[in-house]
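As structure tokens, the structure follows; a few thoughts come after it.
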Amino acid sequence: MKELLGYWRPDEQVGIRNHLVIMSSVVCANRATELIAAAVPGAIPITHQHGCAQIGADMEMVFRTLEGTGKNPNVGAVLVVGLGCESVDAADLAGRIAVSGKPVDFVSIQKSGGTARTVEAGTKKAIKMAERLGQARREPFGWEHLILGTECGGSDTTSGIAANPVTGGVADRVVNLGGTVILSETPEIIGAEHIMAKRAVTPELGQQFLELIKQVEARYLRLGANFRGGNPSPGNVKGGLTTLEEKSLGAIHKAGTSKFQEILDYGERPSKKGLVVMDTPGHDVESLTGMAAGGSQVSIFTTGRGTPTGHPICPIIKVTGNPQTWERMGDDMDINASTVIMGRETLADVEEHLFRYLVEVINGRLARAEVMGHREFGITRLSMSL
């Protein structure tokens with residue numbers, strides 16, 4: 001098997017990319033963040049709509065997500081940009097990320113004296129970081145250092161028949177090789193929770209999983225609306241999916257057949273190897289953001305209807321089982337699983353294609369979402385702003 005090559009970090013994690021991230025700690029700092037990133041070749045801006053006017057678990061989740069994103073091993077260095085009076089304090093955030101041992105610094109708009117001076121100061125710091133990152137080289141690493149995210153979006157009937165089973169086969173391979181695989185999208189397990197609960201490594205964990213599903217259902221019911229009116233989505237229905245249960249029974253295939261080891265909060269890093277479950281929404285961008293904050297270096301994203309979604313720091317590999325989507329959106333798709341639907345290849349054939357492609361992407365090949373410059377980033381939230 002071809003060896004894996006990545007960037008070793010001081011905390012013994014391994015990145016498959018070597019990104020310089022310019023990260024906003026609060027929505028008010030987004031413009032300065034964008035300007036600094038634009039002034040430094042190769043720098044990636046991460047902006048969002050949060051960082052202030054939130055409390056309790058909501059605020060903790062935003063902090064955890066930004067911290068986890070900065071600590072993701074695909075990130076080689078981080079410059080945090082803050083305003084100066086926000087809840088997610090830029091200096092505090094930078095300090096938490098710096099625990100990983102990677103170069104981290106911050107600038108404050110209020111302390112620097114406005115946007116222009118902040119951009120000037122931040123650019124100088126970011127250039128020094130970029131120079132240091134340019135000296136890094138890929139070195140061999142083992143599968144036990146890999147965390148693979150799994151996602152499905154724009155699902156249709158081909159997703160559960162071809163794309164998700166193929167992805168599940170690769171997920172099993174990664175687990176058997178010693179790696180970690182994350183199953184996300186809690187709302188899209190509803191209706192299939194009795195099957196997943198039996199795959200918990202202990203009966204107690206299975207019961208915790210069933211309780212999680214109840215909590216998520218109750219969370220949506222408190223909104224006073226029937227969430228099943230939005231899931232399956234209109235696009236899912238047009239793609240032939242009739243119920244949430246039908247959608248979920250197809251969705252869980254992408255997790256393969258392994259028993260799961262633990263349940264993670266949104267953006268939480270796994271403490272165990274093997275298959276794990278992360279409580280994320282079905283919203284693709286928010287779910288991918290949560291898994292990346294939890295340390296996933298790469299994700300496989302199955303899509304029947306087609307979506308171009310990417311992520312700022314993690315390659316997102318697209319697999320479609322729909323021949324029309326492959327034909328219409330080939331520029332955004334990586335793997336064609338519709339050959340299974342058309343009877344030209346078996347699930348095992350496409351699984352092998354996907355696994356080999358995954359290794360190539362790990363070793364530096366750009367996934368289509370990276371080529372097209374897709375860097376969608378979205379943090380989920382629990383409550384309204386103050």
Side-chain angles (χ1 to χ4, degrees), residues 6 15-24 30 33-35 37-48 69 72 74-76 130 133 148-156 158-159 163-164 166-167 170 184-185 233 235 239 254 282-293 296-339 350 353-379:
I16 65 171
R17 297 293 185 267
N18 193 35
H19 293 306
L20 166 60
V21 163
I22 314 300
M23 176 184 288
S24 170
N30 282 353
T33 298
E34 293 169 346
L35 290 171
V40 183
I44 293 181
I46 290 185
T47 60
H48 52 91
T69 302
N72 185 293
N74 286 356
V75 177
L133 284 185
L148 171 69
T150 61
E151 182 74 17
C152 57
S155 300
D156 65 11
T158 69
S159 299
N164 287 338
V166 164
T167 300
V170 171
S184 62
E185 302 182 285
S233 70
K254 65 183 183 288
H283 188 291
D284 299 327
V285 174
E286 294 180 2
S287 182
L288 290 168
T289 296
M291 288 189 286
S296 67
Q297 297 107 317
V298 57
S299 285
I300 299 176
F301 188 140
T302 67
T303 178
R305 304 276 295 175
T307 172
T309 299
H311 187 273
I313 61 168
C314 289
I316 308 298
I317 298 173
K318 299 286 171 40
V319 182
T320 185
N322 187 321
Q324 295 175 339
T325 298
W326 178 258
E327 181 68 24
R328 286 197 306 258
M329 296 183 63
D331 288 345
D332 295 304
M333 300 295 119
D334 294 274
I335 296 293
N336 180 14
S338 73
T339 52
V350 182
H353 297 329
L354 177 57
F355 183 73
R356 290 177 180 273
Y357 190 85
L358 171 65
V359 172
E360 290 180 7
V361 169
I362 289 171
N363 286 340
R365 176 174 178 167
L366 296 181
R368 290 294 178 89
E370 292 178 290
V371 173
M372 301 305 292
H374 281 284
R375 296 173 176 174
E376 290 77 11
F377 183 87
I379 306 173

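Throughout, residue positions are numbered sequentially from 1 according to the sequence presented. The figures here come from the full heavy-atom set of this structure, side chains too, leaving out hydrogens, waters and symmetry mates.
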Would you check if the side chain of [X] reaches a backbone N or O of [Y] as a donor-acceptor pair within less than 3.5 Å?
X	Y	value
Glu34	Pro45	no
Thr158	Gly304	no
Asn18	Leu133	yes
Glu370	Ala367	yes

pair [X]-[Y]: side-chain heavy atoms closer than 4.5 Å:
X	Y	answer
Glu185	Cys152	yes
Leu288	Phe377	no
Asp334	Tyr357	yes
Val319	Lys254	no
Leu20	Ile44	no
Ser184	Ser287	yes
Val298	Cys314	no
His311	Met291	no

Taking all non-hydrogen atoms of both residues, which atom of [X] and which atom of [Y] are closest, and how far apart?
X	Y	value
Ile22	Thr33	O-CG2, 3.2 Å
Asn72	Ala292	ND2-O, 2.9 Å
Leu148	Ser299	CD1-CA, 4.1 Å
Gln297	Ile16	O-CD1, 3.4 Å
Ser338	Asn322	CB-C, 3.7 Å

Once rounded to the nearest 0.5 Å, what's the spacing between atom [atom1] of [X] and atom [atom2] of [Y]?
X	Y	atom1	atom2	result
Phe355	Glu360	CZ	CD	11.5 Å
His19	Thr69	NE2	OG1	12.0 Å
Ile313	Met23	CD1	CE	7.5 Å
Thr167	Leu354	OG1	CG	5.5 Å
Met333	Arg328	CE	CZ	10.5 Å

Would you tell me whether [X] and [Y] have side-chain atoms, one donor and one acceptor, within less than 3.5 Å of each other?
X	Y	value
Asn30	Ser24	yes
Thr302	Glu151	no
Thr320	Thr303	no
Glu376	Thr309	no

### Task
Apply side-chain contact (heavy atoms from CB on, under 4.5 Å) to Val170 and Leu358, showing your working.
CA-CA 9 Å; Val170 171; Leu358 171 65; 3.9 Å; yes
### Message
Checking Lys318 against Ile316 for the side-chain contact (heavy atoms from CB on, under 4.5 Å) test, could you report, in this order, the C-alpha distance in whole Å, the side-chain angles of both residues, the deciding distance, and whether it holds?
### Response
CA-CA 6 Å; Lys318 299 286 171 40; Ile316 308 298; 3.9 Å; yes
### Task
For side-chain contact (heavy atoms from CB on, under 4.5 Å), just list the numbers for Val361 and Arg17, CA-CA rounded to whole Å, side-chain angles, deciding distance to a tenth of an Å, and then say yes or no.
CA-CA 10 Å; Val361 169; Arg17 297 293 185 267; 3.6 Å; yes
### Message
side-chain contact (heavy atoms from CB on, under 4.5 Å), that's the test. Do Asp332 and Arg368 meet it? Break it down for me.
### Response
CA-CA 5 Å; Asp332 295 304; Arg368 290 294 178 89; 5.5 Å; no
